[in-house]
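For reference, the structure discussed in these notes is given below.
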Amino acid sequence: MAEEEDHSYNLEGLNFEMLKKIRGYLRRMIDAGASDLHVKANSVVRARINGEVVPLSGEILSKGDALVFAKELLRGRFHELVEKKELDLVYPFDDATRFRINIFFQMEGISAVFRLIPVKILTIDELNLPQIVHTFAQMERGLVLVTGVTGSGKSTTLAAIMHEINLTKRKHIITIEDPIEFVHKDRKCIINQRSVGQDTKSFGNALRAALREDPDIILVGEMRDMETIEIALHAADTGHLVFSTLHTLDAKETVNRIVSVFPSVEQNRVRMTVASVLKGVVSQRLIPTLDGKRTAALEVLVRTARIEQLIAENRDVEIPDTIADGKELYGSQTFDQGILDLYLAGRISRDDALGYATSPSDLKLKMAGMAGTIDKSQFGKEEVQREFHEDEIIGLKG
């Protein structure tokens with residue numbers, strides 16, 4: 001094994017044919033509208049298309065081929081992969097396309113996952129996000145979190161918010177990411193984007209330094225540990241607007257996750273800080289649409305006096321009902337309210353609406369309570385509009 005690892009450092013004799021072959025697969029995944037490409041030693045190359053991982057061919061990539069591909073891709077950084085066993089990087093495919101890559105060792109050799117990063121940053125409206133999301137781009141201070149599982153579109157939503165700020169305000173934005181995904185050009189704002197590993201040693205180091213760099217807005221790619229969370233909360237508490245992400249399912253779990261990271265003796269202090277600085281939580285789930293694509297269903301927590309009280313008093317279990325009650329007045333919404341809107345707009349099927357709902361039984365009752373309820377999986381948007389009175393269609397898009 002040691003001899004094999006020593007040999008793996010050898011970068012001589014590369015002809016870049018394997019990289020050329022993988023680039024061919026990348027082109028095929030782009031043309032197929034896929035979001036990810038999976039390359040694995042001793043397996044076929046697969047792509048994630050509309051949420052499902054499917055083979056792109058029957059060709060097996062051998063263990064040796066995967067090793068050569070890694071060398072050709074990484075070149076001078078290959079030694080980092082051997083030492084760290086996994087590596088993140090961004091790969092420019094062409095002028096219009098970039099990929100975020102995680103390449104790593106696994107029991108059969110080397111694997112890599114390519115995530116497509118659109119060069120064009122879509123706006124909040126182009127993403128069909130609820131109008132309340134615009135308000136997060138207009139805030140002056142506090143903490144806004146975008147949460148969800150891996151691949152749920154968190155980075156895309158954050159990029160849209162940053163883009164709106166960039167077009168409408170004169171601010172200094174610092175982003176700390178691992179790696180940088182969406183590249184923002186200075187418009188009205190000055191934007192400094194820092195990549196962990198390349199431009200800074202850690203999120204914590206960059207975040208501490210950011211407080212001395214005259215920022216108005218700080219974007220932290222992910223709040224991964226107690227140190228990062230502590231500094232982010234401090235930044236929000238001292239008058240900055242901080243955006244970040246967490247791998248949590250909803251607003252209630254997000255509050256619990258932040259607080260539980262800290263030792264028990266610190267949790268009450270942290271809870272009080274979260275209650276005072278948290279301005280909003282956007283949680284996302286991607287749902288298949290009737291036209292064969294996917295759309296984001298959102299839960300949106302908007303900070304109110306009631307939400308602040310519930311967090312401070314450790315009554316997180318009451319947060320979902322409070323979010324639901326605030327839909328008309330504050331623009332907040334639960335997942336099930338957001339999913340119902342998508343269903344009524346004729347964008348998703350009844351089965352998918354129920355399948356992705358937090359409480360399918362409650363959502364089913366709401367559907368049954370709508371006058372003229374039909375299964376919109378059998379109809380296009382025109383039929384949906386005819387079936388429901390216009391004022392009963394929430395958020396209907398064209």
Side-chain angles (χ1 to χ4, degrees), residues 33-36 48-52 100 115-137 144-165 181-182 219 221-222 243-254 280-302 320 323-324 327 331-360 363 376-377 381 384 393-398:
S35 60
D36 301 83
R48 184 178 294 277
I49 303 175
N50 294 328
E52 296 188 353
R100 183 187 72 198
R115 165 65 55 85
L116 180 64
I117 306 172
V119 171
K120 182 180 185 299
I121 300 175
L122 297 178
T123 66
I124 292 171
D125 291 334
E126 287 172 335
L127 291 172
N128 292 312
L129 301 178
Q131 288 300 300
I132 189 64
V133 176
H134 286 287
T135 65
F136 298 134
V144 177
L145 298 172
V146 180
T147 81
V149 300
T150 301
S152 58
K154 299 186 296 295
S155 297
T156 302
T157 296
L158 274 178
I161 295 172
M162 291 298 109
H163 184 59
E164 182 160 315
I165 295 171
E181 296 188 21
F182 293 90
L219 185 151
E222 183 181 349
F243 291 90
S244 192
T245 71
L246 280 171
H247 292 288
T248 48
L249 296 179
D250 55 28
K252 176 170 65 69
E253 184 188 339
T254 298
V281 180
V282 178
S283 302
Q284 304 191 175
R285 298 173 187 171
L286 290 185
I287 301 180
T289 57
L290 293 176
D291 59 2
K293 300 178 182 179
R294 292 191 294 172
T295 189
L298 268 60
E299 176 182 273
V300 183
L301 176 148
V302 179
I323 291 174
K327 182 171 174 61
S332 60
Q333 65 180 39
T334 63
F335 269 120
D336 287 359
Q337 288 174 323
I339 289 172
L340 182 61
D341 287 352
L342 292 172
Y343 169 68
L344 295 178
R347 299 187 63 199
I348 62 176
S349 71
R350 184 176 187 275
D351 287 345
D352 281 330
L354 295 174
Y356 283 85
T358 300
S359 177
L363 182 58
K376 277 165 279 307
S377 64
K381 290 185 180 179
V384 173
I393 304 297
I394 304 173
L396 184 62
K397 301 294 182 181

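A donor-acceptor pair under 3.5 Å links the side-chain atoms of Q337 to the main chain of A324, judged by distance alone. A side-chain donor-acceptor contact under 3.5 Å links T147 to the backbone of T248. No side-chain donor-acceptor contact under 3.5 Å links R347 to the backbone of T295. Side chain of Q284 to backbone of S152: a donor-acceptor contact under 3.5 angstrom is found. Listed for the T245 side chain is a donor-acceptor partner under 3.5 Å among the backbone atoms of G221. K154 places a side-chain N or O within donor-acceptor distance of the main-chain N or O of V149, the cut-off being under 3.5 Å. Proximity of a side-chain donor or acceptor of E181 to a complementary backbone N or O of I117 within less than 3.5 Å is not detected. Within the 3.5 Å criterion, the main-chain N or O of A357 finds no donor-acceptor partner in the side chain of D336. Using modelled atom types, one side-chain atom of N50 and one backbone atom of G292 make a donor-acceptor pair closer than 3.5 Å. No donor-acceptor pair closer than 3.5 Å links the side chain of K252 to the backbone N or O of P320.
Distance CG/D352 to CG/L290: 8.0 Å, rounded to 0.5 Å. To the nearest 0.5 Å, atoms OG1 (T157) and CG (L122) are separated by 10.0 Å. Distance check, rounded to the nearest 0.5 Å: CG of L340 to CG of L354 gives 10.0 Å. Taken from CD1 in I124 to CG in L129, the straight-line distance is 6.5 Å, to the nearest 0.5 Å. Separation of atoms CG (L298) and CG (D341) is listed at 11.0 Å; rounding is to 0.5 Å. How far CZ of R100 is from OG of S155: 6.0 Å, rounded to the nearest 0.5 Å.
In terms of heavy-atom proximity, A297 sits nearest to I287 at CB-CD1, 3.6 Å. Here the shortest heavy-atom pairing between Y356 and L286 reads CE2-O, 3.4 Å. In plain terms, the two heavy atoms of L249 and F335 that are nearest each other are O-CE1, 3.2 Å. Across all their heavy atoms, D250 and T254 have their closest contact at O-OG1, 2.7 Å. Closest non-hydrogen pair, L116 versus A34, comes out as CD2-O, 3.8 Å. Shown here for Y343 and A353, the closest heavy-atom pair between the two residues is CB-CB, 4.3 Å.
Within the 4.5 Å cutoff, the side chain of L363 has no heavy atoms near those of the P360 side chain. Within the 4.5 Å cutoff, the side chain of S283 has no heavy atoms near those of the E253 side chain. Residues F243 and M162 are in side-chain contact: their nearest non-hydrogen atoms beyond the backbone lie under 4.5 Å apart. Between S244 and L145, the closest side-chain pair of non-hydrogen atoms falls below 4.5 Å. A 4.5 Å side-chain heavy-atom check between F136 and V300 finds at least one atom pair inside the cut-off.
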Checklist entry - Between T358 and T334, is a side-chain contact (heavy atoms from CB on, under 4.5 Å) present by the stated rule, with each step listed? => result CA-CA 9 Å; T358 300; T334 63; over 6 Å; no

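No option in D125, L127, I121 other than D125 meets the side chain to side chain contact (heavy atoms under 4.5 Å, CB included) test with T123.
More than 12 heavy atoms of other residues, nucleotides or ligands shown are found within 6.0 angstrom of CD on E126.
At a cut-off of 3.5 Å, with distance as the only test, no side-chain donor of S349 or D351 sits close to an acceptor on the other residue.
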